[in-house]
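Remarks on the structure that follows.
Labels below follow one simple rule: chain letters A, B, ... track the order of the sequence lines, proteins then strands, and each chain is numbered from 1.
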Protein chains: 4
Amino acid sequence: MIAISSDNKVLLRDTRREQLLAVAVERFAKYGYHSTKISDIVAQAGVAQGTFYWYFKSKEAIALEIIRVGREGLLMVIERGYPTQNGSVQIMVQGSQRLLKDIFQFGQENRYFMELLLTEGGADETIRQGVRDTRIAMEEAFRRNIERAIEFGMLPKSSDMHMRAALLMSLIEGVMARWLFGPVHPESDLAQRSAEQLAAETVQFEFFGLLGI
Amino acid sequence: MIAISSDNKVLLRDTRREQLLAVAVERFAKYGYHSTKISDIVAQAGVAQGTFYWYFKSKEAIALEIIRVGREGLLMVIERGYPTQNGSVQIMVQGSQRLLKDIFQFGQENRYFMELLLTEGGADETIRQGVRDTRIAMEEAFRRNIERAIEFGMLPKSSDMHMRAALLMSLIEGVMARWLFGPVHPESDLAQRSAEQLAAETVQFEFFGLLGI
Amino acid sequence: MIAISSDNKVLLRDTRREQLLAVAVERFAKYGYHSTKISDIVAQAGVAQGTFYWYFKSKEAIALEIIRVGREGLLMVIERGYPTQNGSVQIMVQGSQRLLKDIFQFGQENRYFMELLLTEGGADETIRQGVRDTRIAMEEAFRRNIERAIEFGMLPKSSDMHMRAALLMSLIEGVMARWLFGPVHPESDLAQRSAEQLAAETVQFEFFGLLGI
Amino acid sequence: MIAISSDNKVLLRDTRREQLLAVAVERFAKYGYHSTKISDIVAQAGVAQGTFYWYFKSKEAIALEIIRVGREGLLMVIERGYPTQNGSVQIMVQGSQRLLKDIFQFGQENRYFMELLLTEGGADETIRQGVRDTRIAMEEAFRRNIERAIEFGMLPKSSDMHMRAALLMSLIEGVMARWLFGPVHPESDLAQRSAEQLAAETVQFEFFGLLGI
DNA sequence: TATGAATGAGAATTCATTCAT
DNA sequence: AATGAATGAATTCTCATTCAT
């Protein structure tokens with residue numbers, strides 16, 4: 001019997017193509033798109049320069065592929081977190097916390113993709129666009145979550161869904177980015193938290209603000 | 001009293017230098033550090049290629065200079081917003097709102113610097129470091145603000161100042177970034193808000209969370 | 001009598017080889033030697049990249065083979081057209097016309113080879129040499145034709161056979177090239193002529209010049 | 001007093017740009033477009049690789065520039081040769097001979113451009129197009145010459161101007177190509193002729209054909 | 001101060017050819 | 001015979017930086 005991995009991780013393994021994707025996303029994240037040379041990627045993958053072009057049309061193409069695959073995985077996680085039934089605030093907080101935990105875990109397991117998504121602003125226009133689109137899609141998913149929660153009477157009505165979604169996304173992106181790759185103050189123990197803890201604290205703030213922490 | 005030289009030469013020197021800085025920060029922000037060529041900068045500034053090197057040692061140098069100057073201005077704004085006296089929650093909320101408004105206004109007036117600060121992750125290591133340091137310094141300033149507020153009994157005690165500061169910074173950076181340069185959903189009217197409005201909504205969330213909005 | 005093997009393998013072998021030759025000559029002619037990639041050839045032939053090298057040692061080898069085969073066919077046509085007996089001018093004109101018609105027909109049936117022969121100047125030295133040799137051999141054949149005609153008293157003597165042959169070749173090559181692949185003025189109906197017509201008009205000019213047309 | 005050169009030669013001198021043009025046209029002609037590397041050009045010109053790109057956008061750009069300049073010079077020569085007045089056949093033959101001599105001389109003085117024009121079929125499509133256009137323009141100029149001659153009653157009427165122009169162009173191109181760069185039979189003394197002699201013999205054939213030589 | 005031509009070290013990409021299967 | 005993945009040398013082009021004037 002073959003055990004199928006059920007984790008969130010975007011599978012990047014086995015074939016040469018996936019190996020190149022894995023190496024590329026790591027270096028793009030660590031050093032940025034432009035500072036990463038094709039020669040670096042193939043050297044780390046242990047193949048010849050030309051081999052890269054057997055699998056990808058160009059440097060841009062591999063970056064877009066990384067974004068495409070990562071986006072799919074990420075959105076799948078978020079869609080799974082939809083509130084689907086009526087309930088108390090308590091229940092909703094629990095639901096939110098579970099969703100955030102999943103997202104943070106996804107980030108932890110795909111940290112290079114996440115870094116690319118959250119910090120890469122220096123690449124070429126097509127890639128910037130790909131990143132932008134993914135983040136907008138993510139924000140959209142959250143907006144729908146919030147709307148659903150309001151329908152179910154779990155959240156007070158508000159005229160501006162977009163603002164709420166923006167505030168949420170800001171929290172999530174900012175916290176995750178600091179957690180995974182800083183910038184973080186040397187004294188802070190943020191990086192040591194588990195996804196679960198981080199989700200709990202973030203959700204607390206999300207619902208009750210500074211005064212409720 | 002400081003005598004300002006009225007010598008044309010000196011003024012021109014400063015002017016030209018400022019002009020190059022202004023052009024550079026705009027292009028760095030719009031197109032990213034690597035996609036911005038020295039030739040683009042000098043073309044837009046209307047000077048010859050060599051002239052650039054009279055004023056700046058290198059491309060990296062001008063980027064670091066941009067970050068240095070912007071950081072000074074930004075930190076000055078934040079330091080001004082320190083809570084300096086005891087008071088009610090009401091007063092603290094007002095204070096926070098004023099501080100946020102100032103920061104958002106600074107961002108509006110220095111949008112290219114802000115974009116560089118908030119979105120440039122693709123530049124070379126030295127520059128990434130400069131950006132990181134500035135954001136850490138900013139977060140530090142907020143942490144001190146929060147500590148002061150707790151001392152004055154305006155906020156409940158909490159063991160993790162860093163986490164609070166991180167949450168705050170996430171909010172501010174995320175909201176400001178979306179406000180000024182997206183990515184933003186086409187239907188959202190976020191971009192139309194004044195710095196004042198934006199500060200009000202953000203502070204509301206900051207203190208009371210989603211439930212309090 | 002030569003026994004033709006009816007073994008499928010051998011036939012397939014020949015077929016595949018011919019197919020690659022046919023595809024190659026077409027693309028060399030249409031796009032030039034350098035712009036034609038081995039990958040283009042095998043793609044159009046529907047075989048794998050490696051297969052090419054089972055039949056041909058290299059890209060250069062297939063080009064030389066194309067030229068060799070085409071040259072044999074072309075010279076065969078020309079040799080057939082030799083004037084072999086005494087006769088009047090009238091008879092010689094008819095003979096010339098028949099020869100030209102055969103040549104033009106050969107060009108029509110081997111248009112890609114002809115295009116390669118008449119227009120490829122951009123290939124590597126070995127191939128240029130092959131083309132040059134073929135055209136010299138062709139010119140030689142015409143020179144011998146002219147000498148024969150003079151022996152038989154059908155043409156006036158002249159000291160420079162080579163010049164006459166060069167003039168003839170120029171006419172034939174130029175007319176055929178324009179007829180088959182241009183460059184040709186959009187209004188011209190040159191391309192619509194039959195090989196027969198074209199031969200008639202060319203021979204007329206050949207013998208009587210502009211004044212005699 | 002400064003003597004202004006009044007010869008036909010397209011001036012390729014003095015400045016770096018023109019030096020690069022001169023080197024490029026020579027190598028394109030000698031070795032073909034694709035076999036000529038930018039590194040060859042700059043090495044022969046004695047400048048750095050990057051310098052090439054200060055003057056020309058790309059390899060294609062310099063080829064097109066070469067064709068553009070050469071075309072202008074060539075058409076200028078041909079336009080000068082227009083028959084402008086009525087006259088006897090004798091006069092027209094003289095006129096034609098003078099025109100051909102000028103063209104041959106132009107070819108001699110711009111042999112590399114001429115070689116490019118007459119033999120380069122292997123370059124990329126844009127360049128092939130440039131060559132084609134130039135040759136069509138040339139043929140057009142001849143067609144107009146012939147029409148004029150018919151108007152003046154110097155040549156018998158004929159329904160197909162295009163065919164006549166094609167025959168003429170074939171002669172001129174073929175003879176010039178053989179004269180300047182072969183392929184030519186080793187025994188032939190074609191290459192030793194002067195432009196004047198060549199023009200005389202070609203015109204003789206042009207008007208009277210083989211029988212009249 | 002200012003110019004702009006010149007430099008040259010790379011960078012991405014191409015493509016004929018090889019080779020294990 | 002056939003495949004197609006892999007190779008790597010070669011090529012075009014870029015661009016930060018220098019330098020003579």
Side-chain angles (χ1 to χ4, degrees), chain A residues 15-17 20 34-42 45-62 124, chain B residues 8-10 12-13 15-17 33-43 45-62 124, chain C residues 8-10 12-13 15-17 33-43 45-62 124, chain D residues 15-17 20 34-42 45-62 124:
Chain A
T15 69
R16 178 100 337 155
R17 187 169 192 276
L20 286 168
H34 272 110
S35 303
T36 297
K37 321 297 177 199
I38 300 295
S39 59
D40 296 336
I41 296 174
V42 296
V47 298
Q49 189 98 345
T51 303
F52 177 91
Y53 291 91
W54 178 261
Y55 294 100
F56 301 97
K57 209 175 74 56
S58 65
K59 187 180 174 182
E60 189 181 69
I62 199 177
D124 292 335
Chain B
N8 241 339
K9 286 272 178 67
V10 172
L12 180 60
R13 171 185 192 137
T15 305
R16 179 100 336 153
R17 194 167 186 279
Y33 176 75
H34 272 109
S35 303
T36 297
K37 326 294 177 205
I38 300 295
S39 59
D40 297 334
I41 297 174
V42 296
V47 299
Q49 189 97 344
T51 305
F52 177 90
Y53 289 88
W54 179 259
Y55 294 100
F56 301 97
K57 202 172 79 56
S58 66
K59 187 180 176 183
E60 191 181 69
I62 198 177
D124 293 334
Chain C
N8 240 338
K9 287 271 178 66
V10 172
L12 181 62
R13 170 185 194 137
T15 306
R16 179 98 338 149
R17 194 168 186 279
Y33 177 77
H34 272 109
S35 302
T36 297
K37 326 293 177 204
I38 300 294
S39 60
D40 296 335
I41 296 174
V42 295
V47 298
Q49 189 97 345
T51 304
F52 177 90
Y53 289 89
W54 180 260
Y55 294 100
F56 301 97
K57 205 174 75 58
S58 65
K59 187 181 177 184
E60 191 181 68
I62 199 177
D124 293 334
Chain D
T15 70
R16 178 99 337 156
R17 188 170 192 275
L20 286 168
H34 273 109
S35 303
T36 297
K37 321 298 176 198
I38 301 294
S39 58
D40 297 335
I41 297 175
V42 296
V47 298
Q49 189 98 345
T51 303
F52 177 90
Y53 292 91
W54 178 261
Y55 293 100
F56 301 97
K57 207 172 77 53
S58 65
K59 187 180 171 182
E60 190 181 70
I62 199 177
D124 293 335

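- Base pairing annotation: F:dT7 forms a Watson-Crick or G-U wobble pair with E:dA16, both donor-acceptor distances under 3.5 Å.
- With contacts defined as side-chain heavy-atom distances shorter than 4.5 Å, the pair A:Val42/A:Thr51 does not qualify.
- Across the strands present, E:dG10 finds its partner in F:dC13; the criterion is a Watson-Crick or G-U wobble pair with both atom distances under 3.5 angstrom.
- Contact between the side-chain N/O atoms of A:Arg16 and the OP1/OP2 oxygens of F:dA6 is found at a separation under 4.0 Å.
- Atom-to-atom, CZ of B:Phe56 to C1' of E:dT1 comes out at 15 Å; the value is rounded to the nearest Å.
- With contacts defined as side-chain heavy-atom distances shorter than 4.5 Å, the pair D:Arg16/D:Trp54 does not qualify.
- If you check the side chains of D:Asp124 and D:His34, you find a donor sitting under 3.5 Å from an acceptor.
- Here B:Ser35 lies out of heavy-atom contact (under 4.0 Å) with every strand.
- Look at CD on A:Glu60: it is 13 Å from P on E:dA12, rounded to the nearest Å.
- Rounded to an integer number of Å, the gap from D:Trp54 CH2 to E:dA6 P is 8 Å.
- Nearest-nucleotide positions on DNA chain E place A:Phe52 closer to the 5' end than the other of C:Thr36 and A:Phe52.
- Distances from the side chain of C:Tyr55 to the nucleotides F:dA1, E:dA6, E:dT1 place F:dA1 closest.
- The 5' end of DNA chain F is approached more closely, in terms of each residue's nearest nucleotide, by C:Thr51 than by the other of B:Ser39 and C:Thr51.
- Annotation: of the two residues near DNA chain F, D:Ile38 and B:His34, the 5′-most nearest-nucleotide partner is D:Ile38.
- Across every strand in view, F:dT21 sits in a pair with E:dA2 that passes the Watson-Crick or G-U test at under 3.5 angstrom.
- In this structure, NZ of A:Lys37 is placed 12 Å from C1' of F:dT14, rounded to the nearest angstrom.
- For the pair D:Tyr53 and F:dT14, the criterion of a side-chain N or O lying under 4.0 Å from OP1 or OP2 is not met.
- Between D:Arg17 and D:Leu20, every side-chain heavy-atom pair lies at or beyond the 4.5 Å cut-off.
- A residue-by-residue look at C:Gly50 and B:Gln49 shows that B:Gln49 has its nearest nucleotide of DNA chain E further toward the 5' end.
- Figure legend: C:Lys59 and C:Phe52 shown without cation-pi pairing, the cationic atom not lying both under 6.0 angstrom from the six-membered ring centre and within 45 degrees of its axis.
- Comparing E:dA12, E:dT3, E:dT17 against the side chain of A:Lys59 picks out E:dA12 as the nearest.
- In this structure, B:Asp124 atom CG and F:dC15 atom P are separated by 14 Å, rounded to whole Å.
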